[in-house]
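What follows is a single structure, written as structure tokens, with notes after it.
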Amino acid sequence: GVFFGGGADYISGEAQVFGSSLDSNGAGWHATAGLAHRFSPGLIGEVAYTHTEASLDSDYGSVDCEFDTVTAGLRVSL
């Protein structure tokens, strides 16, 4: 079936910029949409698209970020 969701995030990251390390963290949000298929009672496959936005604080000031990800995976019931 089709699924939608979203929520609040706390994002912490590190990047190498021109030979220097940049650490940043802050609040953000995400929205997700995808498709899931039940292959068997204990196995579900899914493909999802997620858009994330965040305003991060760093040693060099504020950094506004946007991320888009596409994931594919399997969920197994134990």
_What's the separation between atom CG in Asn25 and atom CG in Asp57, rounded to the nearest 0.5 Å?_
6.5 Å

*Does Glu14 have any side chain to side chain donor-acceptor pair (under 3.5 Å) partners at least two apart in sequence or in another chain, and if so, which?*
Gln16, Ser21

*Which residue pairs satisfy the salt bridge (Lys or Arg N to Asp or Glu O under 4.0 Å) criterion with at least one member in residues 60-72, sequence neighbours excluded?*
none

*Pairs in or reaching into residues 1-30: which pass ring pair (Phe, Tyr, Trp, His ring centres under 6.0 Å), with residues at least two apart or in two chains?*
Trp29-His51

*Could you list all the side chain to side chain donor-acceptor pair (under 3.5 Å) pairs where at least one residue sits in residues 32-43, not counting sequence neighbours?*
Thr32-Thr50

*Determine the minimum heavy-atom distance between Leu56 and Gly26, stating which atoms define it.*
CD2-N, 3.5 Å

*side chain to side chain donor-acceptor pair (under 3.5 Å) against Thr71, all qualifying residues, sequence neighbours excluded*: none

*Who passes side chain to side chain donor-acceptor pair (under 3.5 Å) against Arg75, sequence neighbours left out?*
Glu46

*Kindly compute the distance separating CG (Asp23) from OG (Ser58), expressed to the nearest 0.5 Å.*
9.0 Å

*Quick one: do Leu78 and Leu74 end up in the same hydrophobic cluster if we chain Ile, Leu, Val, Met, Phe, Trp and Tyr together by side-chain heavy atoms under 4.5 Å apart?*
yes

